[in-house]
Amino acid sequence: MTKILLTLFSLALVLGQTYGNIQCGTDVIPKVMSCGGFILGDDAKPSQACCVGLQDLAKTAAASQTDRKDICLCFKAAMQGAKVKYDKAKQLPDLCHFTPFMPLEPNPDCSK
C-alpha cells in the first residue's frame, strides 16, 4: 500500500506538466490511474478502465507522432522512481488489445 501511495504522490508531481498539446494531468494520467493495481501491485489482471484508457491513448498516439512523443514523455516522467513491474507492464498490449505506442521499459526512448 505504501508503494502505491508513493507512486500516486509522484504522479501528482507530474500532473502539472505539459508536453505540447498533451497535458499529463488531464489527458494521460487519469486514463491510466486504474492500471496501478496491476503494474505496481498484486492485481492478477488489469482493470477494464485501465484497458479502455490505454486503448484511447494508443489511438491518440497512432494519429500523431507529436502526441505519441508527448504521451511517452509523460509516462517516462511518471514512471521515474515508481516501482513499476515492467514484466507485467509489457503484458498490457496483449491483455488490453492495443498496439504499443512506446517501449515499456524503465527509460524509454521517446524520440521515436
Side-chain angles (χ1 to χ4, degrees):
M1 182 65 167
T2 303
K3 291 178 188 177
I4 293 174
L5 291 175
L6 287 173
T7 300
L8 291 176
F9 176 73
S10 297
L11 290 176
L13 295 176
V14 175
L15 292 179
Q17 295 182 10
T18 301
Y19 299 100
N21 293 325
I22 299 293
Q23 295 185 5
C24 284
T26 57
D27 299 324
V28 179
I29 300 301
K31 293 181 180 182
V32 296
M33 286 293 289
S34 59
C35 299
F38 181 70
I39 64 168
L40 300 171
D42 295 325
D43 290 0
K45 63 181 184 173
S47 68
Q48 181 65 25
C50 170
C51 289
V52 169
L54 288 169
Q55 290 166 355
D56 187 46
L57 288 173
K59 288 178 189 173
T60 301
S64 163
Q65 183 177 1
T66 300
D67 287 347
R68 181 172 49 257
K69 179 181 175 186
D70 294 345
I71 293 167
C72 180
L73 289 170
C74 181
F75 272 114
K76 186 174 182 174
M79 291 187 298
Q80 287 181 344
K83 300 216 186 260
V84 174
K85 297 177 181 178
Y86 289 97
D87 57 323
K88 291 177 84 173
K90 290 177 182 180
Q91 297 173 33
L92 286 169
D94 289 334
L95 293 172
C96 292
H97 311 291
F98 70 91
T99 301
F101 48 88
M102 63 175 281
L104 297 170
E105 55 193 35
N107 190 22
D109 179 2
C110 296
S111 66
K112 299 176 181 180

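Just so you know, these numbers come straight off a predicted model, no measurement behind them. Note: hydrogens, waters and symmetry copies are ignored here, and every other heavy atom, side chains too, is used.
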Which heavy atom of [X] sits nearest a heavy atom of [Y], and at what distance?
X: K69; Y: C110; answer: CG-O, 3.3 Å
X: A62; Y: R68; answer: CA-NH1, 4.2 Å
X: T99; Y: A58; answer: O-CB, 3.8 Å
X: Q55; Y: H97; answer: NE2-O, 3.9 Å
X: C51; Y: L95; answer: SG-O, 4.2 Å

>> A side-chain contact here means heavy atoms from C-beta on lying under 4.5 Å apart; do P93 and P100 qualify?
In response: yes
In Å, rounded to the nearest 0.5 Å, how long is the span from [atom1] of [X] to [atom2] of [Y]?
X: C74; Y: I29; atom1: SG; atom2: CD1; answer: 4.0 Å
X: Q65; Y: D70; atom1: CD; atom2: CG; answer: 10.5 Å
X: L92; Y: K90; atom1: CG; atom2: NZ; answer: 12.0 Å
X: Q80; Y: N107; atom1: CD; atom2: CG; answer: 7.5 Å

> Between S64 and T60, is there a donor-acceptor pair closer than 3.5 Å when you use the side chain of the first and the backbone of the second?
Replying inline: no
>> Between D27 (side chain only) and Q23 (backbone N and O only), is there a donor and an acceptor less than 3.5 Å apart?
In response: yes
> Any chance the SGs on C96 and C50 are under 2.5 Å from each other?
Replying inline: no
>> For D42 and K85: C-alpha separation, side-chain torsions, deciding distance, then whether salt bridge (charged side-chain N to carboxylate O under 4.0 Å, His left out) applies.
In response: CA-CA 10 Å; D42 295 325; K85 297 177 181 178; 3.2 Å; yes
>> Distance to the ring centre below 6.0 angstrom and angle to the axis at most 45 degrees; does that hold for K88 and F38?
In response: yes
>> Quick check: is Y86 connected to I39 through a chain of hydrophobic side chains (ILVMFWY, heavy atoms under 4.5 Å apart)?
In response: yes
>> Could you work out, with salt bridge (Lys or Arg N to Asp or Glu O under 4.0 Å) as the rule, every residue matching D109, not counting sequence neighbours?
In response: K112
>> Run the salt bridge (Lys or Arg N to Asp or Glu O under 4.0 Å) test against K76 and tell me which residues pass, sequence neighbours left out.
In response: none
> Considering residues at least two apart in sequence or located in another chain, which fulfil the side-chain contact (heavy atoms from CB on, under 4.5 Å) criterion with L57?
Replying inline: V28, K31, V32, I71, F75, F101
